[in-house]
Asks: 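Before anything else, here's the structure in question.
The chain is numbered in sequence order, starting from 1.
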Amino acid sequence: MLKERILIAVKTYPTISRTYGEVACTAGFKEDGSWIRLFPIPFRHLKKKLRFHKYQWIEASIAKNEKDKRPESHRVIDIDNISVQQKINTHHQWERRRNLVFKKENIYTSIKTIISLAHENKKSLVIFKPKKIINFEIKKIESSHTKKKIDSMINRLNQHGLFENHNLDDFQMMPKLDKKFSYTFEDDEGKKSKLMIEDWEIGQLYLNCLAKYKDDSKAAYKVKEKYLHDFAQKKDLYLFLGTGYESHLRRWPRENFAYIIKNLVEGHLDVS
């Protein structure tokens with residue numbers, strides 16, 4: 001066990017785990033600039049004062065997650081004693097955030113290289129600079145959790161398992177999105193890939209637009225407008241890519257890269 005300061009850079013949209021309940025995959029950078037993944041984080045079960053933001057420093061006691069062989073994966077020892085610290089602002093074209101995020105970590109431009117690093121279990125989180133964003137796609141998916149999955153989660157939490165100090169009274173799960181969002185892009189070797197965007201921001205943007213316009217087609221269009229016409233075409237775009245737990249070491253053919261590195265967990269350095 002050790003204490004580590006971590007600059008949070010990634011929070012995925014909450015998902016339901018039969019083992020851990022509602023959780024978000026969280027990742028960021030240690031003070032030396034290297035990646036670290038924290039899982040599970042029951043973010044919305046945390047006390048409000050502990051609900052950290054992206055690009056905010058936290059300090060926590062952590063240990064290697066022995067159930068997860070990905071090199072960056074750790075778990076928080078005492079979730080209620082996270083120290084939430086300074087948030088890094090966006091002044092001067094994100095200068096401070098860029099200096100911290102790009103302090104030591106290499107920026108990759110080749111999908112082939114990233115796959116090789118995953119297969120060798122050297123990296124499961126990287127910063128990737130696409131040569132070109134080709135498209136932003138939206139696909140309709142099942143919009144509700146299965147009763148079996150919800151019941152399993154509630155039973156687990158009611159047994160005072162992993163998060164025994166967290167009160168479930170009046171807790172409402174985040175709605176399951178009925179849309180899946182993906183970028184199709186090309187790397188510097190001409191390799192085309194399509195990866196799903198699982199960042200919390202894109203899910204919340206869709207829900208906000210849905211509440212405003214009362215129309216899922218218009219809400220989806222507004223999300224596409226932001227991610228394709230603004231971020232991809234007008235901003236200096238970087239992608240934070242992470243492998244899925246189950247797919248990290250699988251020897252998929254290279255053309256099936258989207259199944260290996262399947263979580264595009266934060267789309268850019270241009271959104272707070």
Side-chain angles (χ1 to χ4, degrees), residues 1-15 20 22-47 49-65 68-91 94-108 114 117-118 122-129 195 197-204 237-245 248 261-272:
M1 183 181 76
L2 70 155
K3 267 200 170 178
E4 197 79 63
R5 281 188 85 227
I6 300 161
L7 181 67
I8 300 299
V10 169
K11 286 195 299 184
T12 62
Y13 190 83
T15 58
Y20 300 123
E22 186 191 86
V23 291
C25 183
T26 304
F29 299 91
K30 297 188 288 186
E31 289 182 291
D32 66 0
S34 61
W35 277 103
I36 184 170
R37 176 189 287 105
L38 301 176
F39 187 85
I41 297 289
F43 187 80
R44 294 194 315 121
H45 287 290
L46 295 177
K47 299 171 185 175
K49 65 179 182 180
L50 300 182
R51 295 180 188 177
F52 49 81
H53 300 280
K54 289 202 297 186
Y55 298 101
Q56 186 165 27
W57 285 102
I58 67 168
E59 186 173 69
S61 296
I62 64 169
K64 187 71 180 74
N65 190 336
D68 187 341
K69 299 304 181 184
R70 291 174 294 179
E72 303 89 349
S73 294
H74 290 71
R75 59 187 177 85
V76 177
I77 300 299
D78 187 351
I79 204 79
D80 288 315
N81 281 319
I82 293 175
S83 173
V84 178
Q85 301 176 356
Q86 178 190 17
K87 185 174 181 181
I88 306 303
N89 62 44
T90 59
H91 297 166
W94 285 58
E95 181 180 11
R96 292 184 66 203
R97 293 188 184 185
R98 287 177 180 272
N99 288 341
L100 288 165
V101 169
F102 298 146
K103 183 177 180 181
K104 186 178 179 181
E105 183 76 12
N106 289 329
I107 300 171
Y108 293 88
I114 296 171
L117 290 168
K122 292 181 178 178
K123 286 185 181 292
S124 67
L125 289 165
V126 299
I127 300 174
F128 172 73
K129 177 67 173 173
L195 296 182
I197 306 172
E198 295 190 332
D199 183 54
W200 196 324
E201 276 182 353
I202 196 168
Q204 193 61 60
L237 190 74
Y238 293 82
L239 310 179
F240 291 175
L241 305 184
T243 60
Y245 170 72
H248 176 62
I261 312 289
K262 66 179 182 179
N263 297 337
L264 190 149
V265 290
E266 215 278 310
H268 41 77
L269 293 180
D270 300 279
V271 176
S272 60

Asks: Check the pair K123, Y108 against side chain to side chain contact (heavy atoms under 4.5 Å, CB included), reporting the backbone distance first and the verdict last.
Replies: CA-CA 12 Å; K123 286 185 181 292; Y108 293 88; 3.0 Å; yes
Asks: Will you find, in the side chains of S124 and E72, an N or O donor that is under 3.5 Å from an N or O acceptor?
Replies: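 Short answer, yes.
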Asks: With a 4.5 Å heavy-atom cut-off, do E4 and H74 have their side chains touching?
Replies: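 Of all side-chain heavy-atom pairs linking H74 with E4, none is under 4.5 Å.
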Asks: Within this structure, what is the CD1-CG distance for the pair I79 and L50, rounded to the nearest 0.5 Å?
Replies: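 These two atoms lie 8.5 Å from each other.
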Asks: Looking at side-chain heavy atoms only, is the closest gap between T26 and F52 below 4.5 Å?
Replies: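 Of all side-chain heavy-atom pairs linking F52 with T26, at least one is under 4.5 Å.
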Asks: Between E198 and Y13, is there a side-chain heavy-atom distance shorter than 4.5 Å?
Replies: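 Not in contact.
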Asks: Are D68 and N65 linked by a side-chain donor-acceptor pair shorter than 3.5 Å?
Replies: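 D68 vs N65: no donor-acceptor pair found between side chains.
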Asks: I need the minimum non-hydrogen distance between F128 and L241, along with the two atoms involved.
Replies: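 Scanning both residues completely, I find the closest heavy atoms to be CB-CD1, 3.6 Å.
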Asks: With rounding to the nearest 0.5 angstrom, report the CG to CZ distance, L46 to R51.
Replies: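 Nearest 0.5 Å value for the CG-CZ distance: 7.0 Å.
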Asks: Looking at NZ of K54 and CZ of R97, how far apart are the two atoms once the value is rounded to the nearest 0.5 Å?
Replies: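 So the NZ of K54 and the CZ of R97 are separated by 9.0 Å.
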Asks: Side-chain contact, heavy-atom cut-off 4.5 Å: H91 with R96?
Replies: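 Side chain of H91 against side chain of R96, heavy atoms only: no contact under 4.5 Å found.
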Asks: For a 4.5 angstrom cut-off between non-hydrogen side-chain atoms, does L239 reach L195?
Replies: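 They are not in side-chain contact.
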Asks: Please report whether the ring centroid of W94 lies less than 6.0 Å from that of F102.
Replies: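 Judged by ring-centre distance (under 6.0 Å), F102 and W94 do not meet the cut-off.
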Asks: Hey, could you give me the CD1/CD distance between I88 and Q85, rounded to the nearest 0.5 Å?
Replies: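 These two atoms lie 10.0 Å from each other.
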Asks: My understanding is that only residues two or more places apart in sequence, or in another chain, count here; which of them pass salt bridge (Lys or Arg N to Asp or Glu O under 4.0 Å) with K64?
Replies: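 Residues passing salt bridge (Lys or Arg N to Asp or Glu O under 4.0 Å) with K64: none at all.
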Asks: For T243 and R37, which heavy atoms make the closest approach, and how far apart are they?
Replies: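 Closest heavy-atom pair between T243 and R37: O-NH2, 3.9 Å.
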Asks: If you define the side chain from C-beta out and look only at heavy atoms, does anything of I58 sit under 4.5 Å from L38?
Replies: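 I58 vs L38: side chains touch.
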Asks: Under the 3.5 angstrom rule, does the side chain of K87 hit a backbone N or O of W57 as a donor-acceptor pair?
Replies: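 Absent.
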Asks: Roughly how far, to the nearest 0.5 Å, is CG of L125 from OG of S73?
Replies: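 Output value for this atom pair is 7.0 Å.
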Asks: Measuring from I197:CD1 to I202:CD1, what's the distance to the nearest 0.5 Å?
Replies: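 Interatomic distance, I197 CD1 to I202 CD1, rounded to 0.5 Å: 4.0 Å.
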Asks: Measure the shortest side-chain to side-chain distance between F39 and T12 over non-hydrogen atoms and say whether it is less than 4.5 angstrom.
Replies: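 No. Closest side-chain heavy atoms not under 4.5 Å.
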Asks: Would you indicate whether the side-chain heavy atoms of V101 and F29 approach each other to under 4.5 Å?
Replies: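 F29 vs V101: side chains touch.
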Asks: Provide the closest heavy-atom pair for D80 versus K47 in the form atom of the first, atom of the second, distance.
Replies: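 Smallest heavy-atom distance, with atoms named: OD1-CE, 4.1 Å.
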Asks: Does the pair I77 and I62 meet the rule for a side chain to side chain contact (heavy atoms under 4.5 Å, CB included), with working shown?
Replies: CA-CA 5 Å; I77 300 299; I62 64 169; 5.5 Å; no
